[in-house]
Amino acid sequence: MADTASQSRIEELLAGLNAPQREAVTHGDGPLLILAGAGTGKTRVLTHRIAFLEGTGMARANEILAITFTNKAAQEMRERVERLLGRRTRAMWVMTFHAACARMLRADAHRLGYTRQFTIYDQADARRLVKRSLDELGVDTKRFTPGAVHHQISDAKNKLRDAEAYSRLVGSYFETTVADAYRIYERELHRMNAMDFDDLLVNAVNVLQLFQEVRDRYSTAFRHVLVDEYQDTNAVQYRWLQLLASEHRNLAVVGDDAQSIYGFRGADIGNILSFEETFPDAHVVKLEQNYRSTQTILSAANAVIAHNREQKHKSLWTNLGQGEPIKIRELDDEHAEGRYVVGEIERLVDEGASRAEIAVFYRTNAQSRVIEDTLVRRDIAYQVIGGTKFYERAEVKDAIAYLTVLGNPQDVVSFTRIVNSPRRGIGQTSLGRVIAHADAMGISIWQAAAHADQVPGLGTAAVRSLGRFMDTMQDLRERVEQRVPIGDLLESLLHDTGYIDALQAERTIEAQGREENLAELVEVAREFDATAEEEADTLDVFLQGVALVADADTRTDDEGLITLMTIHNAKGLEYPIVFIAGMEEGVFPHSRALDEGGLEEERRLAYVGVTRAMRSLYLTSARRRAVFGATQYGMRSRFLDEIPPQLTDRADEPRIRAGVAAQRPGSWASSSSSTRTETAVPAFRMGDDVAHAAFGAGVVTGVEAGGIVVVRFAGDGSERKLMAEYAPITKL
DNA sequence: CGTTATCATATTTTT
DNA sequence: TATGATAACG
């Protein structure tokens with residue numbers, strides 16, 4: 001490794017890193033803990049370290065395992081490493097926990113009684129199966145919702161407790177019910193040759209633990225294991241990492257305990273807090289210099305997080321200067337809050353800010369609606385991150401389920417999904433008979449359906465309908481065996497099964513949208529076909545890949561779009577200008593978190609939110625907010641009070657120094673917003689003819705409280721609710 | 001079997 | 001306020 005060319009390449013690699021970053025990058029063998037505060041360049045350190053290991057010959061590409069939580073992060077990491085190294089890195093395992101486990105399991109799941117085409121169930125599939133398990137037990141699924149039960153099961157799995165271990169630990173009636181459901185659920189999953197997300201991890205650990213030769217194979221192969229966002233790992237992931245790093249002990253983890261916000265999903269902050277106890281010889285590096293935010297923002301974040309007990313002390317600093325104070329505004333209600341936020345956005349854009357630089361965060365998705373309404377009214381383009389995801393859309397899931405059944409004939413959940421979609425006249429009763437018959441005979445659902453005439457009690461219409469359906473499926477399966485490209489397969493599938501026809505028959509805008517989504521899915525498949533190697537079993541590789549993709553990276557950096565999202569979704573991102581709305585007790589911190597002792601995690605969430613901001617930060621709250629229809633009065637969030645006043649500009653309080661206070665004595669928000677809406681009400685009456693800038697001519701069909709008028713528009717016949725004062729409407 | 005009406009119910013969610 | 005699930009009806 002000592003030739004001059006590579007020597008200079010390494011120097012280049014290290015140039016521009018600060019001292020602790022360089023220390024982390026160049027660390028040799030042995031466990032390494034990198035405590036990286038927000039915005040301190042942790043991805044940089046990770047990618048440079050990988051490049052360093054490879055560049056110096058300390059590890060070859062196929063000896064490196066780099067783990068992330070999201071596909072996006074994995075993709076980005078690979079790209080950055082490739083840019084640093086100046087070459088492709090196909091042999092390197094840079095992927096999510098789940099993808100790595102799925103890949104291992106495709107090779108070794110047969111040892112646990114699965115085939116390599118096992119199906120991966122997402123949360124919705126899993127919940128459906130839990131429901132069936134509960135039904136089998138005769139449990140009232142209203143008292144014990146499948147969601148809650150699945151959450152409990154998932155939690156157990158994440159702690160490496162199987163059904164037996166779980167049942168030994170529990171006492172309450174709810175828990176014993178869960179234990180019974182857990183047992184049936186596991187049995188069913190296995191019988192269907194299916195795994196849920198948690199199983200990917202659990203079964204990977206099982207394979208490694210039960211089969212010495214498998215463990216040896218992987219633990220020898222991976223000379224260096226690197227993990228991103230280590231604070232979010234749970235017990236299974238921890239165990240999996242331990243097994244893989246057992247041979248070389250080169251485990252490098254990067255994380256920030258202050259950003260652990262997925263405890264409700266089983267993430268164990270203890271993994272990072274006790275890393276040094278687990279690995280007494282661990283080298284620890286702290287990254288505290290932040291390259292993102294102003295010192296004011298960092299000081300606020302530091303001050304808030306200081307209120308937590310459980311933490312590794314860190315103190316973020318920057319040389320970017322103080323910057324402007326944090327603006328804290330208290331408004332009357334959520335509408336006034338929305339108007340304030342949008343008003344500020346308009347002002348900032350007028351002053352030259354790009355819309356893409358602005359983000360609005362909130363604690364719960366429900367909060368987005370009011371803000372969206374206001375943005376629509378003011379005609380400001382925006383995008384919401386996190387809504388319904390591409391792969392969770394019904395039509396996409398249907399199409400995937402069709403493919404899944406072709407590969408895995410035992411998969412009852414997928415079969416159930418597609419058998420009557422589009423409508424074929426095979427209802428619950430008929431399907432139930434087929435399933436019961438399959439169970440009784442010990443055959444797959446596919447086989448039972450293929451011989452529908454032998455299913456007892458099935459009506460002639462159902463037999464005929466099933467026969468037609470299975471004929472189509474049989475033909476499609478032959479095409480799978482002929483290795484038809486997946487794009488083509490999918491396309492003919494959608495036509496042969498009548499799916500497209502049914503959508504077209506609907507003649508609605510939504511159906512058209514669904515068709516477009518399906519076209520996009522075909523496109524995804526075509527891309528896969530184009531890049532796939534000439535290997536066997538491409539269908540299951542495609543399906544398992546698709547199952548592990550959350551959203552199709554819809555996050556666009558479109559120039560003209562304001563971005564709205566929950567704070568959870570904001571982790572890892574940065575924006576010059578950030579608004580956090582709903583800073584009230586009960587909303588943020590969320591009431592449910594308060595009940596369950598999750599205050600520290602809420603505070604970490606606040607820390608994450610605040611540290612996303614580069615230049616300007618706005619924190620807003622509403623004195624009054626409609627929650628589920630009813631008005632609630634919430635106190636300002638405690639997190640606001642944890643920010644030292646000298647860092648803030650609070651318009652609702654007399655400021656210590658003159659200036660702002662002189663210009664606005666008293667409450668700024670209450671006087672303006674409430675009076676404005678009330679004066680606007682009498683302007684419109686039922687029956688008034690009006691004109692709207694965008695929708696055209698219409699007639700007022702109703703007047704509601706809060707200055708809202710209902711207008712039916714002549715153009716498209718639609719009826720819309722508009723804010724009289726803000727909507728661009730005029731009386732004729 | 002499919003449609004409609006009513007009622008309960010309501011964080012956050014990388015895979 | 002909105003959605004989703006079940007119950008009753010056609």
Side-chain angles (χ1 to χ4, degrees), chain A residues 67-74 95-102 120-127 131 140-143 145-148 150-151 154 158 195-201 228-229 231-234 236-237 259-267 334 361-367 369-370 373 385-389 391-392 420 423-431 459 461-462 465 544-551 553 555 565-573 582 586-596 598 601-602 604-606 608-609 625-631 721:
Chain A
I67 291 296
T68 64
F69 275 86
T70 67
N71 294 302
K72 199 174 165 234
M95 53 186 92
T96 65
F97 275 104
H98 296 266
C101 289
I120 298 172
Y121 282 174
D122 70 7
Q123 230 163 348
D125 297 326
R127 208 173 301 157
K131 175 155 191 313
D140 178 9
T141 48
K142 268 186 181 155
R143 282 194 57 205
T145 66
H150 179 242
H151 186 269
S154 172
N158 287 157
M195 301 189 198
D196 63 19
F197 283 145
D198 305 314
D199 284 338
L200 293 173
L201 272 304
D228 191 17
E229 306 278 18
Q231 76 280 353
D232 289 331
T233 53
N234 60 32
V236 209
Q237 289 160 341
Q259 294 187 66
S260 169
I261 55 173
Y262 285 102
F264 66 94
R265 276 176 57 144
E334 71 270 30
F361 302 155
Y362 33 79
R363 176 65 235 269
T364 66
N365 282 122
Q367 288 170 254
R369 228 201 64 226
V370 177
D373 284 352
I385 305 297
T388 319
K389 291 158 188 158
Y391 286 102
E392 282 170 18
N420 204 29
R423 305 260 127 90
R424 299 189 177 88
I426 302 163
Q428 258 181 347
T429 358
S430 305
L431 179 64
S465 189
Q544 290 176 7
V546 162
L548 295 176
V549 178
D551 55 278
D553 277 324
R555 217 161 288 179
M565 67 180 109
T566 63
I567 306 174
H568 280 91
N569 268 311
K571 198 175 77 162
L573 305 175
V587 177
F588 190 27
H590 197 277
S591 52
R592 196 123 146 203
L594 290 171
D595 293 343
E596 290 162 18
E601 181 151 312
E602 293 289 298
R604 292 193 290 268
L605 194 55
V608 168
R625 181 181 296 275
V627 182
F628 305 142
T631 304
K721 290 187 178 182

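Reminder, nothing fancy here: chain letters follow the sequence lines and each chain counts from 1. No hydrogens, no waters, no symmetry mates; every other heavy atom, side chains included, goes into these values.
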Working for side chain to side chain contact (heavy atoms under 4.5 Å, CB included), residues A:L605 and A:R363: CA-CA 9 Å; A:L605 194 55; A:R363 176 65 235 269; 3.4 Å; yes

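A donor-acceptor pair is defined here as one N or O able to donate and one able to accept, closer than 3.5 Å; such a pair exists between the side chain of A:R604 and the backbone of A:S260.
In this structure A:E229 satisfies the salt bridge (Lys or Arg N to Asp or Glu O under 4.0 Å) test together with A:K42, A:K571, sequence neighbours excluded. Shown here are the side chain to side chain donor-acceptor pair (under 3.5 Å) partners of A:Q367, two or more places apart in sequence or in another chain: A:T364. Taking A:T566 as the reference, A:N569 meet the side chain to side chain donor-acceptor pair (under 3.5 Å) condition, with sequence neighbours excluded. Considering only residues two or more places apart in sequence or on other chains, A:D199 meets the side chain to side chain contact (heavy atoms under 4.5 Å, CB included) condition with A:K157, A:E186, A:L189, A:M195, A:D196, A:N203. Annotation: ring pair (Phe, Tyr, Trp, His ring centres under 6.0 Å) contacts of A:F361 (sequence neighbours excluded): none. Judged as a side chain to side chain donor-acceptor pair (under 3.5 Å), and not counting sequence neighbours, the contacts of A:R424 are A:Y402. Taking the ring pair (Phe, Tyr, Trp, His ring centres under 6.0 Å) definition, one finds that A:F97 meets it with A:F69, A:W240, sequence neighbours left out.
In this model, the phosphate group of B:dT12 is not approached by any side-chain N or O of A:N569 to a distance below 4.0 Å at OP1 or OP2. Between A:T566 and B:dT13, a side-chain N or O to OP1/OP2 separation shorter than 4.0 Å is present. Taking 4.0 angstrom as the limit, A:N365 places none of its side-chain polar atoms (N or O) nearer than this to OP1 or OP2 of B:dT11.
Looking at heavy-atom distances under 4.0 Å, A:E596 makes contact with a base. Among the heavy atoms of the strands lying under 4.0 Å from A:E602 is at least one base atom, whether or not backbone atoms are also near. Residue-level contact check: A:Q123 touches the bases, meaning some heavy atom is under 4.0 Å from a base atom. Looking at heavy-atom distances under 4.0 Å, A:F97 makes no contact with the nucleic acid at all. Residue A:A626 is classed as having no contact, given no heavy-atom separation below 4.0 Å to the nucleic acid.
The ring of A:H568 does not lie on top of the base of B:dT12; it is either too far (5.5 Å or more) or too tilted (30° or more). Aromatic stacking of A:F264 on B:dT12: satisfied, with centres closer than 5.5 Å and planes within an angle under 30 degrees.
Rounded to an integer number of Å, the gap from A:D140 CG to B:dA8 C1' is 12 Å. A:L605 has its CG atom 15 Å from the P atom of B:dT11, to the nearest Å. Atom CD1 in A:I261 sits about 10 Å away from atom C1' in B:dT13, given to the nearest Å. For A:R369 and B:dA10, the CZ to P distance is 19 Å, given to the nearest whole Å. In this entry the distance linking CG of A:L548 with C1' of B:dT13 reads 16 Å, nearest Å. Between the C1' atom of B:dA10 and the CZ atom of A:R592 lies a distance of 8 Å, rounded to the nearest Å. Taking atom CG of A:D198 as the reference point, atom C1' of B:dT13 lies 12 Å away to the nearest angstrom. Between the C1' atom of B:dT13 and the NE2 atom of A:H151 lies a distance of 9 Å, rounded to the nearest Å.
Taking syn as a glycosidic angle within 90° of 0, B:dT12 does not qualify and is anti.
The shortest side-chain heavy-atom distance between A:V587 and A:Y362 does not fall under the 4.5 Å cut-off.
With the nearest nucleotide of DNA chain B identified for both A:F69 and A:H590, A:H590 has the one nearer the 5' end.
Side-chain to base pairing of A:R363 with B:dT11: no donor and acceptor N or O lie closer than 3.5 Å to each other.
Here, B:dT11 and C:dT6 have their C1' atoms 25 Å apart, quoted to the whole Å. The P atoms of B:dT13 and C:dG4 are separated by 16 Å, rounded to the nearest whole Å.
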Restricting to nitrogen or oxygen on both sides, can you table the protein-nucleotides 1-7 of chain B pairs closer than 3.5 Å?
{"residue": "B:dC1", "atom": "OP1", "partner": "A:G427", "partner atom": "N", "Å": "2.9"}
{"residue": "B:dC1", "atom": "OP1", "partner": "A:S430", "partner atom": "OG", "Å": "2.9"}
{"residue": "B:dC1", "atom": "OP2", "partner": "A:T429", "partner atom": "OG1", "Å": "2.5"}
{"residue": "B:dG2", "atom": "OP1", "partner": "A:G425", "partner atom": "N", "Å": "3.4"}
{"residue": "B:dG2", "atom": "OP2", "partner": "A:N420", "partner atom": "ND2", "Å": "3.4"}
{"residue": "B:dT3", "atom": "OP2", "partner": "A:R423", "partner atom": "NH1", "Å": "3.0"}

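Of the candidates A:H151, A:H590, A:H568, A:F264 forms a ring-ring contact (aromatic ring centres under 6.0 Å, His included) with just one, namely A:H568.
With a cutoff of under 4.0 Å to any heavy atom of chain A, the contacted region of DNA chain C is bounded 5' to 3' by C:dT1 to C:dT6.
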